[in-house]
Number of protein chains: 2
Amino acid sequence: MSKQELVVLGRDGVEGCCPALLAAPLDDGQAEALAKVFKALGDPVRLRLLSMIASRAGGEVCVCDLTPAFDLSQPTISHHLKLLKQAGLIGSERRGTWVYYRLLPEMTDRLAATLTRPAGQPLSEATPAGAAS
Amino acid sequence: MSKQELVVLGRDGVEGCCPALLAAPLDDGQAEALAKVFKALGDPVRLRLLSMIASRAGGEVCVCDLTPAFDLSQPTISHHLKLLKQAGLIGSERRGTWVYYRLLPEMTDRLAATLTRPAGQPLSEATPAGAAS
DNA sequence: AGGTTGTATCGACAAACATCGATTCACTAG
DNA sequence: CTAGTGAATCGATGTTTGTCGATACAACCT
């Protein structure tokens with residue numbers, strides 16, 4: 001079911017590879033899809049969740065290990081995990097009583113590519129450091 | 001004034017280089033600062049603005065070229081530009097009657113690095129494709 | 001000075017969001 | 001089958017955010 005979500009994101013969402021944020025103007029659909037993913041990253045709790053999941057040796061974290069790391073209720077953590085999952089950033093698997101989350105590196109790779117500017121960027125010709133206020 | 005904002009972000013915010021989202025758990029301050037920048041990217045209008053600014057040959061765009069590209073009021077565009085600026089993603093310069101915006105590539109470079117996972121990531125040992133739902 | 005044009009700020013309002021407690025669902029163990 | 005535990009969903013609530021019109025500010029040009 002959530003695999004489907006990923007497929008959708010891959011199809012009419014962030015699509016083929018990298019929308020190239022910095023190389024050409026995004027069309028409206030690309031912007032909408034990309035914004036959803038960045039919005040998922042735009043919360044400190046979700047960023048910490050993601051980094052805890054991504055940096056865990058073995059690649060998996062049990063929800064039962066994530067929840068007590070925050071001063072938030074269990075439903076709130078569950079909600080944040082759901083948003084990260086809907087953004088295609090993480091996936092989950094139930095094993096017995098417990099649910100394990102893991103990073104889906106395809107999405108972070110895609111975002112990194114999106115934010116990388118093409119070879120010789122025509123910026124800062126006469127703009128050495130922080131000339132623009 | 002907004003240069004100051006950038007400095008602040010550089011100091012106790014995203015800091016030195018890359019908080020390494022995917023390599024180690026973020027501390028609370030890092031997460032808070034990073035979230036602000038991602039939040040700025042979490043809106044389709046701002047993404048389109050940023051991509052229009054970044055992809056413009058010469059590196060500069062006049063606000064007067066940006067505003068008519070949207071079905072939104074001038075104050076709304078101004079507001080979005082302000083948020084992008086406060087996030088350290090763009091800078092502005094007034095020349096005569098017009099104000100020009102440009103990309104500050106330091107920030108996008110930093111974000112790209114943040115989303116890049118370290119060399120041999122311990123993921124997907126037994127997870128070929130999209131095993132996790 | 002006075003008028004004109006481009007941009008930013010202000011105040012208001014509706015929609016979206018983060019959070020919680022209560023409940024329900026999924027699974028395991030007696 | 002009946003607890004008991006981990007996780008997700010549901011409703012409600014206070015806060016944040018995107019948007020607008022009105023207004024103020026900045027620079028140019030008579």
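Letters A, B, ... are given to chains in the order of the sequence lines, protein chains preceding strands, and every chain is numbered from 1. Quick caveat: nothing in here was measured; it's all calculated off a predicted structure.
- Separating the CZ atom of A:F38 from the P atom of D:dT17 is a distance of 18 Å, rounded to the nearest angstrom.
- In this structure the side chain of B:L81 reaches within 4.5 angstrom of the side chain of B:L66, judged on heavy atoms.
- Place A:Q74 and B:I77 on DNA chain D by their nearest nucleotides, and A:Q74 ends up nearer the 5' end.
- Here the P atom of nucleotide D:dT16 and the CD atom of B:E32 are 12 Å apart, to the nearest Å.
- A:R46 comes within 4.0 angstrom of the backbone, heavy atoms only, and of no base.
- B:A40 and B:R46 get closest at one heavy-atom pair: O-NE, 2.7 Å.
- In this structure, the side chains of B:R110 and B:V37 stay at 4.5 Å or more apart for every pair of heavy atoms.
- Of the candidate nucleotides C:dG6, C:dA8, D:dT19, D:dT19 has the atom lying nearest to any side-chain atom of B:H79.
- When distances are taken from the side chain of B:R94 to each of D:dA26, D:dT17, C:dC20, the shortest belongs to D:dA26.
- At whole-Å resolution of the value, CG in A:D43 and P in D:dT16 are 13 Å apart.
- One can place CZ of A:R95 at 17 Å from P of D:dG6, the figure rounded to the nearest angstrom.
- Taking every side-chain heavy atom of A:V99 into account, D:dA7 is the closest of D:dT9, D:dA7, C:dT7.
- Side-chain N/O atoms of B:K39 include one lying less than 4.0 angstrom from OP1 or OP2 on D:dT17.
- Contact between B:R48 and B:A69 at its shortest, heavy atoms only, is NH2-O, 3.5 Å.
- Using a 4.0 Å heavy-atom cutoff across all strands shown, B:H80 reaches sugar-phosphate atoms only and no base atom.
- Using a 4.0 Å heavy-atom cutoff across all strands shown, A:Y101 reaches sugar-phosphate atoms only and no base atom.
- Across D:dG18, D:dC20, D:dA8, the shortest atom-to-atom separation from the side chain of B:T76 is found for D:dC20.
- In this structure, the nucleotide among C:dT7, D:dG21, C:dG21 sitting nearest to the side chain of A:S73 is C:dG21.
- Residue-level contact check: B:L83 touches the backbone only, with heavy atoms under 4.0 Å from sugar-phosphate atoms and none from bases.
- Of all heavy-atom pairs spanning B:K85 and B:S92, the tightest one is NZ-OG, 2.6 Å.
- The side chain of B:T97 contributes no N or O atom lying less than 4.0 Å from OP1 or OP2 of C:dG6.
- One atom, CG of B:D65, and another, C1' of C:dT7, lie 14 Å apart when rounded to the nearest Å.
- In the set C:dT19, D:dA7, C:dG6, C:dT19 carries the atom at the smallest distance from any side-chain atom of A:L72.
- Distance CD (A:Q86) to C1' (D:dA8): 12 Å, rounded to an integer number of Å.
- When rounded to the nearest whole Å, the span between NZ of A:K82 and C1' of C:dA18 equals 14 Å.
- In this structure, CD on A:E106 lies 10.5 Å from CG on A:L89, to the nearest 0.5 angstrom.
- In this structure, B:L84 atom CG and C:dA8 atom P are separated by 12 Å, rounded to whole Å.
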